[in-house]
Amino acid sequence: MSNLVEVISATLVAEITRIAYYLTKPFIKKRIWLLCETETQAQENGYELYLWLKNHAGAIDAYYVIDKNSPSIGKFDTREEWLALGSFKQLFYMYHAEAIISTHGLWMLPNELGILKKLTLKTLQAKRVMLGHGIGFLKNGKDFYHKSVFSLNDLFVAASPKEKDIFVNEYDYHDDEVAITGYPRFDIMTDLSEKSQWQNLIVYMPTFRDKEQHLGAGFKETDLYKNTQSMLCSESIKNSLEKNNAHIAIYLHQNIQHYSQYFDEYSSDRIHVIRQGEFTVTQLLRMGKLLITDYSSVVFDFVYMKKPFISYQFDYDKFIEARKHKAFIDIKTDLPGYVVNGINELEDTIETVFSNCFSLQPEHQKKMEKYFSFQDQDNCQRVFQAITTRL
């Protein structure tokens, strides 16, 4: 019953707002752009582009859409900068918007009754821009992002011709619907490892695996838990940390953050279990000197800063078999970093990275170059230009 009441309430607000939109349409001259990530987040491409617009594009009235209870609200200077999801003001500005720019689709539409939701979608006049979240080589998103099914499909941004080819050849976007600009968050992807509160920081960020979310204590039976435990209990790795005055920060994917508690017992002066809210993903990547992950696209953010990473593929066969669609690159041979399969290889490779003083090796540098057309801090500028030329 409560769900029905919420839908009816959302429908009433949306329809009243639609009437207000038509009555005011001839008089609203502002260039309104709405930006967002997920309902609760303001920490990556959407937020960085929003900040850039606020500081560099005075002709644009930019607003950030977010849930009113999000902990990220505190990142905004004034109440006028953000629009509460589902509010009259958010819907009113959405109807009047010149552009809607998101990292996760067109999720800010009201949950209306029946055909009214489709009518709302048709009412929108805004250009719909997909900023993207992770670089699209490791996860095939055809079921979600194909032009025939994805509603935020006027413009996609890409990091390189190699990524653009995926959107054009696999997802059926036209050539002029994909702009090679780089990602807005790359503008702040500069190395801060020397200023980190932990010296010689190794950041461990495993990705989310399907069907891991509701396991409770059963999470301790997963390959992810067991192999992470092996890493944290490794005497070789502990000795490397001591010898090199180094630290490890563990940060689980947002979908499985609630399992962080199962690693607390391994915390020490050099091993730190990080909860969501303590640091953003971007902050940790900038602080780190070495990244250890498995199949996460954060490797591209890290290598953008010309820093080394290790892909710890302890469950490669099982992970690959579980995916409906395969990755667009060979994650054994094409990644611009080290690839290891077991704990012994991981221990040896960590020692190698220490010996090389955390330098990006030439063979990894060469692979990296095909994934990025730019390695600068002008990505927001290029995204802005790509959007404005299509309005």
Side-chain angles (χ1 to χ4, degrees), residues 37-38 40-48 51 70-72 74-75 103 132-135 138 183-208 224 227-228 231-232 237 240-241 244-264 266-312 335-338 346 349-350 353-354 358 360 368 375 377 379:
E37 292 168 12
T38 67
T40 60
Q41 288 183 326
Q43 64 181 29
E44 48 138 333
N45 287 328
Y47 181 66
E48 292 305 325
L51 292 179
S70 167
S72 296
K75 300 180 76 170
T103 63
H133 172 56
I135 291 186
L138 299 182
Y183 286 77
R185 68 174 181 269
F186 289 167
D187 279 1
I188 61 164
M189 277 298 171
T190 54
D191 182 29
L192 291 181
S193 59
E194 297 303 326
K195 298 179 181 179
S196 170
Q197 66 191 78
W198 299 304
Q199 287 186 301
N200 296 329
L201 179 63
I202 299 171
V203 178
Y204 176 56
M205 285 187 182
T207 192
F208 166 65
L224 174 57
N227 283 276
T228 301
M231 181 182 72
L232 300 180
I237 293 176
S240 290
L241 296 179
N244 296 282
N245 191 23
H247 296 256
I248 291 180
I250 305 163
Y251 187 81
L252 298 183
H253 189 281
Q254 63 177 1
N255 290 352
I256 53 171
Q257 267 282 313
H258 52 286
Y259 296 137
S260 297
Q261 60 180 311
Y262 297 119
F263 296 114
D264 284 338
Y266 304 109
S267 294
S268 69
D269 290 342
R270 298 197 177 278
I271 297 175
H272 315 279
V273 182
I274 309 299
R275 266 38 176 213
Q276 195 169 27
E278 295 181 59
F279 297 94
T280 67
V281 170
T282 297
Q283 287 172 327
L284 287 171
L285 294 176
R286 295 177 74 190
M287 289 162 56
K289 281 198 168 183
L290 168 66
L291 171 69
I292 301 175
T293 183
D294 36 35
Y295 320 101
S296 173
S297 63
V298 293
V299 298
F300 295 105
D301 293 65
F302 203 72
V303 80
Y304 189 84
M305 295 180 282
K306 300 181 180 178
K307 299 195 287 190
F309 72 86
I310 302 172
S311 178
Y312 183 23
L335 290 175
Y338 300 96
L346 179 62
T349 306
I350 290 174
V353 174
F354 279 125
F358 301 97
L360 187 67
M368 177 187 67
Q375 276 186 283
Q377 276 64 57
N379 299 280

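Position 1 is the first residue of the sequence; numbering continues from there. As the structure is a prediction and not an experimental result, all values here were calculated from the model.
- Two residues are said to be in side-chain contact when any heavy atoms from C-beta on lie closer than 4.5 Å; Phe186 and Gln377 fail this criterion.
- Taking 4.0 Å as the cut-off between side-chain N and carboxylate O, Asp301 and Lys307 do not count as a salt-bridged pair.
- With a 4.5 Å cut-off on side-chain heavy atoms, Asn379 and Glu48 do not count as touching.
- When the side-chain hydrogen bond (donor to acceptor under 3.5 Å, both in side chains) test is applied to Thr38, the partners found at least two apart in sequence or on another chain are Gln41.
- Between atom OG of residue Ser240 and atom CG of residue Asn245 there is a gap of 13.0 Å, rounded to the nearest 0.5 Å.
- Between the side chain of Ser72 and the backbone N or O of Thr40 there is at least one donor-acceptor pair closer than 3.5 Å.
- Looking at Val281 and Gln283, their side chains never come closer than 4.5 Å, going by heavy atoms from C-beta outward.
- Atom CG of residue Leu192 and atom CD of residue Gln197 lie 12.0 Å apart, to the nearest 0.5 angstrom.
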- Carefully, step by step, assess Met287 and Phe279 under the rule side chain to side chain contact (heavy atoms under 4.5 Å, CB included). CA-CA 10 Å; Met287 289 162 56; Phe279 297 94; 3.9 Å; yes

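- At least one side-chain heavy atom of Gln43 sits less than 4.5 Å from a side-chain heavy atom of Lys75.
- Nearest heavy-atom pair, Val273 versus Ser267, reported as atom, atom and distance to 0.1 Å: CG2-OG, 3.5 Å.
- Ile237 has its side chain out of reach of Leu232: every pair of non-hydrogen atoms, C-beta onward, lies at least 4.5 Å apart.
- Using a distance-only test at 3.5 Å, with no hydrogens or angles considered, a donor-acceptor pair links the side chain of Thr293 to the main chain of Met205.
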- Message: side chain to side chain contact (heavy atoms under 4.5 Å, CB included) for Val203 and Leu290? Distances and angles first, verdict last.
- Response: CA-CA 6 Å; Val203 178; Leu290 168 66; over 6 Å; no

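- With sequence neighbours excluded, no residue forms a side-chain hydrogen bond (donor to acceptor under 3.5 Å, both in side chains) with Ser296.
- Annotation: the span from Met368 atom CE to Gln375 atom CD amounts to 4.0 Å, rounded to 0.5 Å.
- At least one side-chain heavy atom of Leu252 sits less than 4.5 Å from a side-chain heavy atom of Phe263.
- Every residue two or more places apart in sequence or in another chain was checked for a side-chain hydrogen bond (donor to acceptor under 3.5 Å, both in side chains) with Tyr338, and none qualifies.
- Separating the CG atom in Asp294 from the CG atom in Leu224 is a distance of 7.0 Å, to the nearest 0.5 Å.
- For His272, the ring pair (Phe, Tyr, Trp, His ring centres under 6.0 Å) partners at least two apart in sequence or on another chain are Trp198, His247.
- Val353 and Pro308 make their closest contact through CG1-CG, 4.1 Å (heavy atoms, listed as atom of the first residue, atom of the second, distance).
- A distance of 4.5 Å separates CG of Leu241 from CD1 of Ile248, quoted to the nearest 0.5 Å.
- Counting only N and O atoms by type, the side chains of Tyr204 and Thr228 include a donor and acceptor under 3.5 Å apart.
- A ring-centre distance under 6.0 Å is not found for Phe309 and Phe302.
- Remark: Asp269 engages no residue in a salt bridge (Lys or Arg N to Asp or Glu O under 4.0 Å) (not counting sequence neighbours).
- Taking the side chain as every heavy atom from C-beta outward, Leu138 and Leu335 approach each other to under 4.5 Å.
- The shortest heavy-atom contact between Ser260 and Ile274 is OG-O, 4.2 Å.
- Expressed to the nearest 0.5 Å, how far NZ of Lys289 lies from CZ of Phe354 amounts to 9.5 Å.
- At a threshold of 4.5 Å between non-hydrogen side-chain atoms, the residues Phe358 and Asn200 count as touching.
- In terms of heavy-atom proximity, Ser196 sits nearest to Leu201 at OG-CD2, 4.2 Å.
- Residues forming a salt bridge (Lys or Arg N to Asp or Glu O under 4.0 Å) with Glu37 (at least two apart in sequence, or on another chain): none.
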- Hey, mind stepping through Lys306 and Asp191 against side chain to side chain contact (heavy atoms under 4.5 Å, CB included) and telling me if it holds? CA-CA 9 Å; Lys306 300 181 180 178; Asp191 182 29; over 6 Å; no

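- Taking all atoms of both residues into account, the shortest heavy-atom contact from Gln276 to Tyr251 is CG-OH, 3.4 Å.
- Ile292 and Ile202 get closest at one heavy-atom pair: CD1-CG2, 3.6 Å.
- Salt-bridge formation is detected for the pair Glu44/Arg185: a Lys NZ or Arg NE/NH1/NH2 atom is positioned less than 4.0 Å from an Asp or Glu carboxylate oxygen.
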